[in-house]
Chemist: 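My questions all concern the structure below.
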Amino acid sequence: MLKDKKILIGVTSGIAIYKVLSLISSLRKLGAKVEVIMTESATKFINPITFETMANGKVYTDMWIHPDKVLHVDITNDVDLFLVAPATANTIAKVYAGIADNLLTTAILASKAPVSFAVSTNTNMLLNPITQRNIEGLTDLGYDFIDSNEGVLACNTVGKGRMAEPSEILEYIEYKLTKKDLENKKIIVTAGATIARLDPVRFMTNDSSGKMGYQIAKNARNRGADVYFIQGKVKTSQLGMVENIHVETNEEMKEAIENNFNDANAVIMAAAPTDYEFKTSFDSKLKKKDEETVFNMKKSLDILKYFGQKKENQRLIGFAAETDDLLENAKKKLKAKNLDMIVANDVSKQGAGFNVDTNIVTMITNEEETSYDLMSKEDVANIILDKLVKDVL
């Protein structure tokens, strides 16, 4: 997603400067090319050599030391995103006023690339009407702002102004630089396992980690969709810039989908709901007995089948996690549940299925089936969304 993207980072003299080193490391691991401009004040916090090492590229501090080129113009050429992080109230004010008194502010004025500011400042400075005016004014002019968090600040006060964490900024960059081919589309994505509770401390579930659904929701968000991310029991982190909805049981998942179903364009059911539940559940913990105990089970609500019967213009995509007769079982499920597409995978294969970051899948519609070799779940997610864009949306 970020491979070969060129990110120019403008570093100012905020205490959050140390976070930028972690961000640069993450960007490089994803294949991005990073160059850095540091203000003179920023060099008082961290030596430019440190940034040069992390970025494995040039760090610019002075517009006068490169007489062979018009540096403030040349440095912004072919840039995909110009990120100012940390972005202090001082630099934000200069840019809004059109002041170009150092390499960073001059380069911002010269840049044709989108410019984003990761705000980092004292709470009082942030809430000052002048700073708020500057942020609102730059927003109106087309500049983006990555909102700050609340927390303990360098001045030992608690409030808003902490620069967003590197992971949050990275999510924003991925979103910003992804082609928006799902704009104005509402997509419901489910992930993880549901549970069938026996008593307040015991339940039955399955081994789904939620990783596949997480990647689908993330990529759909990055491609511009309004995403309603419904999660059962998962092993993934919270996803930003989507509507996160947490559920436990099949009934709760079905209700959460139904609440958003009528105006949805698609439902991608990557969750693994329980197939069975206890006929009787208990409000208090059952005491252990010496003799064997038998618990009677019944079939759980079939969420996919329910929405397969209910759908009108919505597109419904399901998953088939199998260990035997993969394609035969998946095709039966596609037909029985009135799906538009089913993604089949043999969870007994190494590198496929639950709790891993890769998968081996076959995508089946009523017209065709396409098999894929081992790939990342992120790549699988994008193929699913590609098919959604091409074939049905």
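Worth knowing before you read on, the calculation uses all heavy atoms, side chains too, and leaves out hydrogens, waters and symmetry mates.
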Chemist: Heavy atoms, side chains only, cut-off 4.5 Å: are L23 and L170 in contact?
Modeler: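 L23 vs L170: side chains touch.
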Chemist: Taking CD in E291 as the centre, count heavy atoms belonging to other residues, nucleotides or ligands within less than 6.0 Å. Is the count above 12?
Modeler: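 It does: E291 CD has more than 12 such atoms within range.
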Chemist: Is I173 reachable from I17 through a run of I, L, V, M, F, W or Y residues, each pair having side-chain heavy atoms under 4.5 Å apart?
Modeler: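 Yes; tracing contacts between hydrophobic side chains, which count when under 4.5 Å, links both residues.
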Chemist: Flag yes if more than 12 heavy atoms outside K33 fall under 6.0 Å of its NZ atom; otherwise flag no.
Modeler: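 No, not enclosed.
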Chemist: The criterion is side-chain hydrogen bond (donor to acceptor under 3.5 Å, both in side chains); which residues satisfy it with K333, sequence neighbours excluded?
Modeler: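 Result, side-chain hydrogen bond (donor to acceptor under 3.5 Å, both in side chains) vs K333: none returned.
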Chemist: Partners of T12 by side-chain hydrogen bond (donor to acceptor under 3.5 Å, both in side chains), sequence neighbours excluded?
Modeler: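 None.
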Chemist: Does NZ belonging to K349 count more than 12 external heavy atoms closer than 6.0 Å?
Modeler: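 Open.
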Chemist: Rest of the hydrophobic cluster containing F295 (Ile/Leu/Val/Met/Phe/Trp/Tyr, side-chain heavy atoms under 4.5 Å)?
Modeler: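 Joined to F295, directly or through intermediates: L198, M204, Y276, F278, F282, L286, M297.
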Chemist: Using 0.5 Å steps for rounding, measure from the CG atom of D373 to the CG atom of D379.
Modeler: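 That separation rounds to 12.0 Å.
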Chemist: Between I188 and I268, is there a side-chain heavy-atom distance shorter than 4.5 Å?
Modeler: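 Sidechains of I188 and I268: no contact.
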Chemist: For the residue pair Q215 / N382, report whether a side-chain donor-acceptor contact shorter than 3.5 Å exists.
Modeler: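 No, no side-chain donor-acceptor contact under 3.5 Å.
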Chemist: Will you find, in the side chains of T362 and S371, an N or O donor that is under 3.5 Å from an N or O acceptor?
Modeler: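 Short answer, yes.
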Chemist: Taking atom OG1 of T280 and atom CG of D199, what is their separation to the nearest 0.5 Å?
Modeler: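 One gets 12.5 Å once the value is rounded to the nearest 0.5 Å.
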Chemist: Would you please name every residue forming a side-chain hydrogen bond (donor to acceptor under 3.5 Å, both in side chains) with K305, sequence neighbours left out?
Modeler: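 Expected list: none.
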Chemist: In chain order, what residues pass the ring-ring contact (aromatic ring centres under 6.0 Å, His included) check against F307, with sequence neighbours excluded?
Modeler: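 Expected list: F261.
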Chemist: Linking I/L/V/M/F/W/Y whenever their side-chain heavy atoms sit closer than 4.5 Å, directly or via other members, would L385 and Y175 fall into one cluster?
Modeler: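 Different clusters.
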Chemist: Is there a donor in the side chain of T131 and an acceptor in the side chain of N128, or the other way round, less than 3.5 Å apart?
Modeler: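 Not at all, the side chains of T131 and N128 share no donor-acceptor pair under 3.5 Å.
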Chemist: Say whether T50 and N47, considering side chains only, have a donor N or O and an acceptor N or O under 3.5 Å apart.
Modeler: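 Looking only at side-chain atoms, N47 and T50 do not form any donor-acceptor pair under 3.5 Å.
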Chemist: For L127, I'd like to know if atom CG has over 12 heavy atoms of other residues, nucleotides or ligands within 6.0 Å.
Modeler: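 Correct, the count exceeds 12.
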Chemist: In plain terms, say whether K6 and D78 are close enough for a salt bridge, that is, a side-chain N and a carboxylate O under 4.0 Å apart.
Modeler: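 Salt bridge: no.
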Chemist: Among Ile, Leu, Val, Met, Phe, Trp and Tyr joined by side-chain contacts under 4.5 Å, find the other residues sharing a cluster with I99 and list them by chain and number.
Modeler: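 Listed partners: none, I99 stands alone.
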Chemist: A quick test of your reading: do over 12 heavy atoms of other residues, nucleotides or ligands sit less than 6.0 Å from CG of D263?
Modeler: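 It does: D263 CG has more than 12 such atoms within range.
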Chemist: Evaluate the criterion side-chain contact (heavy atoms from CB on, under 4.5 Å) for residue pair I257 and T190; output intermediate values, then yes/no.
Modeler: CA-CA 9 Å; I257 297 172; T190 67; 3.8 Å; yes
Chemist: Using a 4.5 Å cut-off on heavy atoms from C-beta on, say whether the side chain of F51 contacts that of I24.
Modeler: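 In contact.
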Chemist: Distance alone, cut at 3.5 Å: any donor-acceptor contact between the side chains of N250 and T194?
Modeler: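 Side chains of N250 and T194: pair found under 3.5 Å.
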Chemist: Would you please say whether a donor-acceptor pair under 3.5 Å links the side chains of Y143 and S116?
Modeler: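 There is no such pair (donor and acceptor under 3.5 Å, judged by atom type) between the side chains of Y143 and S116.
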Chemist: For the hydrophobic clusters of this structure (ILVMFWY residues joined by side-chain heavy atoms under 4.5 Å, transitively), does one cluster hold both I342 and M212?
Modeler: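 Shared cluster, no.
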Chemist: With side chains defined as the heavy atoms from C-beta onward, is the minimum distance between N265 and Q314 less than 4.5 Å?
Modeler: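 SC-SC contact between N265 and Q314 ruled out.
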Chemist: Supply the atom-to-atom distance D181 CG to R223 CZ, rounded to the nearest 0.5 angstrom.
Modeler: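 That separation rounds to 4.0 Å.
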Chemist: Drop me the distance from I187's CD1 to I216's CD1, to the nearest 0.5 angstrom.
Modeler: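 The distance works out to 10.0 Å.
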Chemist: Mind checking the NZ-CG spacing from K377 to N345? Nearest 0.5 Å is all I need.
Modeler: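 Rounded to the nearest 0.5 Å, the NZ-CG separation comes to 8.0 Å.
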Chemist: So, using salt bridge (charged side-chain N to carboxylate O under 4.0 Å, His left out) as the criterion, who are the partners of K179 when residues are at least two apart?
Modeler: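 For K179 there are no salt bridge (charged side-chain N to carboxylate O under 4.0 Å, His left out) partners, ignoring immediate neighbours.
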Chemist: Linking directly or through intermediates, with side-chain heavy atoms under 4.5 Å: list the remaining ILVMFWY members grouped with L109, chain and number order.
Modeler: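 Via sub-4.5 Å side-chain contacts, L109 links to none.
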Chemist: Please tell me whether S208 and N206 have a donor and an acceptor in their side chains that are separated by less than 3.5 angstrom.
Modeler: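 Note: S208 and N206 side chains miss the donor-acceptor criterion.
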Chemist: Look at the side chain of E136 and the backbone N and O of R133, then say whether any donor-acceptor pair between them is shorter than 3.5 Å.
Modeler: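 The answer is no, because no donor-acceptor pair under 3.5 Å joins these two groups.
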Chemist: For N90, give me all partners under side-chain contact (heavy atoms from CB on, under 4.5 Å), at least two apart in sequence or on another chain.
Modeler: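 Testing N90 for side-chain contact (heavy atoms from CB on, under 4.5 Å), a comparison that skips the adjacent residues, returns T88, K94.
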Chemist: Can you name the side-chain hydrogen bond (donor to acceptor under 3.5 Å, both in side chains) partners of D4, sequence neighbours left out?
Modeler: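 For D4, no residue satisfies side-chain hydrogen bond (donor to acceptor under 3.5 Å, both in side chains) once neighbours in sequence are set aside.
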Chemist: Suppose we screen for ring-ring contact (aromatic ring centres under 6.0 Å, His included). Which residues come up paired with F145, at least two apart in sequence or across chains?
Modeler: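 F145 satisfies ring-ring contact (aromatic ring centres under 6.0 Å, His included) with F117 once adjacent residues are dropped.
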Chemist: State, without any angle test, whether Y228 and N259 hold a side-chain donor-acceptor pair at a distance under 3.5 Å.
Modeler: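 On atom types as modelled, these side chains do not qualify, holding no pair under 3.5 Å.
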Chemist: For residues 231-239, run the donor-acceptor check on the side chains, cut-off 3.5 Å, and write out each pair with its distance to 0.1 Å, sequence neighbours left out.
Modeler:
residue : atom : partner : partner atom : Å
Q231    : NE2  : N244    : OD1          : 2.9
K235    : NZ   : N355    : OD1          : 2.9
Q238    : OE1  : H246    : NE2          : 3.2

Chemist: Please report the interatomic distance CD1(I360) to CG(L374), rounded to the nearest 0.5 Å.
Modeler: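 Interatomic distance, I360 CD1 to L374 CG, rounded to 0.5 Å: 5.0 Å.
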Chemist: Is E165 salt-bridged to K19, cutoff N-O under 4.0 Å?
Modeler: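 Between K19 and E165 there is a salt bridge, with a charged N closer than 4.0 Å to a carboxylate O.
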Chemist: Any Lys/Arg nitrogen of D226 or K185 sitting under 4.0 Å from an Asp/Glu carboxylate oxygen of the other?
Modeler: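 Here D226 does not pair with K185 in a salt bridge, since their nearest N and O are not under 4.0 Å apart.
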